[in-house]
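Below: the structure, in structure tokens.
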Amino acid sequence: MTILINPATGEPVDEVPDSTPTDVAAAVRAGRDAFTHWRDTTPADRARLLLRLADLVEADAEELTRLEVEETGKPAAVFRDGELPFAIDNLRFFAGAARSLDGTGAGVLSSGYTSALIRRPIGVIGSIAPWNFPFIMAVWKIGPAIAAGNAVVIKPAPATPRSTLRLAALMAEAGAPDGLLQVVTGGAGIGQALVTDPGVDMVGVTGSTATGRAVMRGAVDGLKRVHLELGGKAPALVFDDASLADMAFGVTMGATYNTGQDCTAATRVYIARSRYDEALEALHAAMEQVRPGDPWSDETDIGPLISAAHRDRVHGFVTRASGRVLLGGKPIDAPGFYYPPTLIADADQASEIVQGEIFGPVLVALPFDSEEEAVRLANDTPYGLASSIWSADVARALRVAHQLDVGVTWINDHLPIASEAPHGGVKGSGFGKDMSQEAVQEYSVVRHLMIKHAAPEARDSFRPA
Ligand code: NAD
């Protein structure tokens, strides 16, 4: 049994049974049974299921908000009015995407033969999700896989399982066949049981880079496809012609949204030296406005960190940091695991606070002297997920964007996402795309069907056509 703790109070809120390896094996077997039927459904069937699910999720907003807020401590309004409607839009997008998959077609590719290229699902997908956006992450895993015709066994993070369990119940209510979507609960051990189960054909994980490696290793013997959405350390590059007011607002939002527990969070801000002091002042003023507090209050901008252990981890990064702490830097003395927006200037590029994924509301600022140096510093971490460029010069912003080794670059903003746009990184941030048509493609494989239509007299040699 896992006891779930409300991070805003430190008090237990519920308990959830832990799955055993035997449960995982049974779930995978049931998934295989469901797959043998689901793979032959039409795109219209799959779209109908996802659209029904989206409607049920919409109707269940209050309960889903309660579950998500109790387990993560994120502000209720942020989830109910932002993340949940976005997840519903994702489901509706995947319903549409199911009906417009690329990579299919037919043609005469070799004389005397008609070829058909057919996109087929992969099988049973083992999905593993993190705790920072439990509901959205579950939708990003389940939506494209089901749209492409697969069955899914998903393992949410041990601290945040209930919105995923609820999603599976709504999926059943929407008319999903038995076994199409199942949830197993537990930690790394149950995750590995899922990854290594021979009945699982592909594994997808959103989590830390270390977890991505462990999942990839677990998938090696079965030569399984892997889909890895891992950590990030996004830079924001602020050029001398940027609007500092817009930058301060956007980078603060990027650094503190979800209390910084976001793989695309703005974590390093590199500022043109001529405007460094001015930009630090603007950032200080903006970050000071961000209000940590009770997740159920409309006055609250950010909630607590996920656990006491994670708060200690974040604070450890800050206490070991080189540079000047300009704002925050100490846990908030209150019940719950609160940590304030924290701004650190002049850290060493090579140091842990600049290189490592902190996953808290901590922003590190450094100056740069040239465009080349800004690009070099931005690319100089093991990660490559997100980035932003702040400049009034569109040509420069584009030139710099093309040199960043990342999955997404925002220009004059940081964070917004859309169902149609792929989300995923390079380098230590993994590979594989969530959302967009790309995600649906990745949960499917193209096969070739070659039909001979040449007349019998064409059979005149043993050379291949
Ligand atoms: P985590 O890596 O600790 O855990 C993620 C999931 O993997 C959990 O369900 C966990 O139980 C499971 N797990 C852990 N070790 C495992 C193992 N050896 N084998 C199988 N499963 C295992 O991550 P977290 O702390 O839950 O989430 C935060 C991390 O997720 C951060 O690094 C963040 O950047 C990353 N993240 C990435 C994206 C993205 O899209 N790239 C999005 C959100 C979060």
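Since the model is a prediction, treat every value here as computed from it, not as a measurement. Quick note: numbers below take in every heavy atom, side chains included, and nothing from hydrogens, waters or symmetry partners. Read the numbers this way: they start at 1 and go in the same order the structure lists the ligands and their atoms.
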Looking only at distance, does [X] have an N or O less than 3.5 Å from an N or O of ligand 1?
| X | answer |
| --- | --- |
| Glu357 | yes |
| Asp434 | no |
| Ser208 | yes |

Ring centers of His310, Phe337 separated by less than 6.0 Å: no
Which one holds for [X] and ligand 1: side chain close, backbone close, both close, or neither close, with close meaning a heavy atom under 4.0 Å?
| X | answer |
| --- | --- |
| Cys263 | both |
| Thr264 | neither |
| Gln261 | neither |

Test Glu83 against Lys74 for salt bridge (charged side-chain N to carboxylate O under 4.0 Å, His left out), laying out the working first. CA-CA 11 Å; Glu83 293 176 16; Lys74 65 178 69 195; 2.9 Å; yes
Glu70/Arg66 salt bridge by N-O under 4.0 Å criterion: yes
Does Pro158 reach ligand 1, in the sense of a heavy atom lying below 4.0 Å from it? yes
Derivation of the side chain to side chain donor-acceptor pair (under 3.5 Å) call for Trp140 and Asn90: CA-CA 8 Å; Trp140 287 9; Asn90 294 158; 2.8 Å; yes
Could you give me the CA-CA distance, side-chain angles and deciding distance for Asp18 and Ile190, then say whether side chain to side chain contact (heavy atoms under 4.5 Å, CB included) is met? CA-CA 9 Å; Asp18 295 325; Ile190 289 300; over 6 Å; no
